[in-house]
Amino acid sequence: MRYDLVIFDNDGVLVDSEPISNKLLAGYLTELGHPTSYEESLRDYMGAAMHRVHDLVEERTGQRLPEDFDDVFHGRVFAAFERELEPVPGAVEVLEKLTADGVPYCVGSSGSHERIRVGHRKTGLDQWFDDGRIFSSQDVGRGKPAPDLFLHAAQCMGVAPERCAVVEDSPLGVQAAVAAGMDVYGFTAMTPASRLSTVTELFGDMRELPDLLT
């Protein structure tokens with residue numbers, strides 16, 4: 001394999017959480033008087049840290065979201081994860097292949113550490129990711145599309161950015177990876193290929209990934 005580290009986004013790449021969380025986010029924002037469709041939530045917030053939700057709502061309406069917005073939203077998301085969350089088809093096979101080939105990998109996610117771990121426990125992916133392989137936007141000052149998270153993950157894993165491959169499914173994540181100087185592989189299961197046009201390669205089935213990385 002031509003990379004020394006593979007950095008996975010989490011939501012939508014390893015766990016099939018984007019439909020769940022964006023339906024809930026659109027519903028909660030609408031409930032609070034900020035009408036938002038599922039499609040608009042995907043467009044504006046998919047792949048972003050929570051501060052982007054607060055920033056965009058305030059920018060567009062001049063109103064601030066409630067202080068407990070994050071806690072209420074995450075409570076709803078975690079409850080739904082326990083009922084519905086599954087791993088992305090093919091994700092386990094990719095992790096098995098990387099492990100067998102001795103290729104280091106980690107997670108670089110806009111989600112909180114708690115969100116990542118809740119999802120991994122529910123889907124059984126926790127066996128593949130110890131604490132040293134999990135990096136969250138909570139660990140850096142700026143989330144995606146800033147490159148900080150991916151650069152932080154690479155530094156902690158001891159790998160130069162140009163030796164890293166990032167697996168992303170959101171335009172914000174792709175921007176972050178490109179800004180970090182890393183090759184990026186765009187997963188099109190949830191996002192039209194046209195919105196991920198600056199990637200190294202596009203693919204629609206996670207099982208295709210190992211061959212693309214060689």
Side-chain angles (χ1 to χ4, degrees), residues 1-15 17-18 21-22 25 40-60 70 88 91 94 98 103-113 115-116 129 132-204 206 208-210 212-214:
M1 205 164 281
R2 56 192 165 118
Y3 298 102
D4 296 331
L5 177 65
V6 179
I7 305 175
F8 291 94
D9 176 44
N10 189 58
D11 293 294
V13 170
L14 293 173
V15 296
S17 53
E18 292 292 9
S21 59
N22 280 283
L25 179 57
E40 288 168 339
S41 183
L42 288 174
R43 181 195 68 199
D44 293 342
Y45 305 122
M46 182 173 163
M50 286 301 295
H51 67 75
R52 179 177 172 85
V53 182
H54 291 264
D55 292 346
L56 278 184
V57 168
E58 185 168 8
E59 178 184 311
R60 291 169 173 173
D70 291 11
V88 166
V94 171
L98 293 176
V103 179
Y105 61 86
C106 65
V107 163
S109 173
S110 293
S112 66
H113 278 282
R115 177 183 172 124
I116 298 166
F129 293 95
R133 294 179 189 261
I134 296 177
F135 303 97
S136 161
S137 61
Q138 289 181 310
D139 302 330
V140 294
R142 299 181 300 167
K144 305 170 188 178
D148 304 34
L149 174 58
F150 290 139
L151 292 172
H152 172 69
Q155 182 180 36
C156 290
M157 296 293 288
V159 178
E162 62 270 17
R163 298 295 304 157
C164 297
V166 174
V167 185
E168 265 289 354
D169 69 335
S170 75
L172 293 174
V174 168
Q175 289 178 51
V178 170
M182 300 175 180
D183 284 356
V184 55
Y185 291 79
F187 185 42
T188 60
M190 283 283 299
T191 306
S194 60
R195 297 195 68 208
L196 304 177
S197 57
T198 58
V199 301
T200 308
E201 294 272 2
L202 291 165
F203 68 106
M206 192 57 65
E208 301 171 38
L209 183 62
L212 295 176
L213 296 175
T214 56

Undergrad: Does CD in Gln155 sit with more than 12 non-hydrogen atoms of other residues, nucleotides or ligands closer than 6.0 Å?
TA: no
Undergrad: Kindly list each side-chain donor-acceptor pair under 3.5 angstrom involving residues 141-150, sequence neighbours excluded, with atom names and distances?
TA:
from	atom 1	to	atom 2	distance (Å)
Arg142	NE	Asp148	OD2	3.3
Arg142	NH2	Asp148	OD1	3.0
Lys144	NZ	Asp9	OD1	3.1
Lys144	NZ	Gly108	O	3.0
Lys144	NZ	Glu168	OE2	2.6

Undergrad: Could you tell me which non-hydrogen atom of Leu213 sits nearest to which non-hydrogen atom of Tyr185, and how far apart they are?
TA: CD2-CE1, 3.6 Å
Undergrad: If we only count heavy atoms from C-beta on, is the Ser17 to Arg115 side-chain gap below 4.5 Å?
TA: yes
Undergrad: Please find the pair of heavy atoms, one from Ala153 and one from Ile7, that lie closest to each other, and give the distance.
TA: CB-CD1, 4.3 Å
Undergrad: Give the minimum heavy-atom separation between Thr198 and Val184, together with the two atoms involved.
TA: O-CG1, 4.5 Å
Undergrad: Backbone N or O of Gly111 within a donor-acceptor pair of the Ser136 side chain at under 3.5 Å?
TA: yes
Undergrad: When you measure from the side chain of Arg133 to the backbone N and O of Tyr105, does any donor-acceptor pair fall under 3.5 Å?
TA: yes
Undergrad: Can you find a pair of side-chain heavy atoms, one from Val167 and one from Phe203, that are under 4.5 Å apart?
TA: yes
Undergrad: Sub-3.5 Å donor-acceptor pair from the side chain of Thr191 to the main-chain atoms of Ser170, do we have one?
TA: no
Undergrad: Rounded to the nearest 0.5 Å, how far apart are CD of Glu40 and CZ of Arg43?
TA: 5.0 Å
Undergrad: Backbone N or O of Met46 within a donor-acceptor pair of the Glu18 side chain at under 3.5 Å?
TA: no
Undergrad: List the residues meeting side-chain contact (heavy atoms from CB on, under 4.5 Å) with Leu56, not counting sequence neighbours, and say none if there are none.
TA: Asp44, Tyr45, Arg52, Glu59, Arg60
Undergrad: Work out which heavy atom in Val94 is nearest to a heavy atom in Met206; give both atom names and the distance.
TA: CG2-O, 3.2 Å
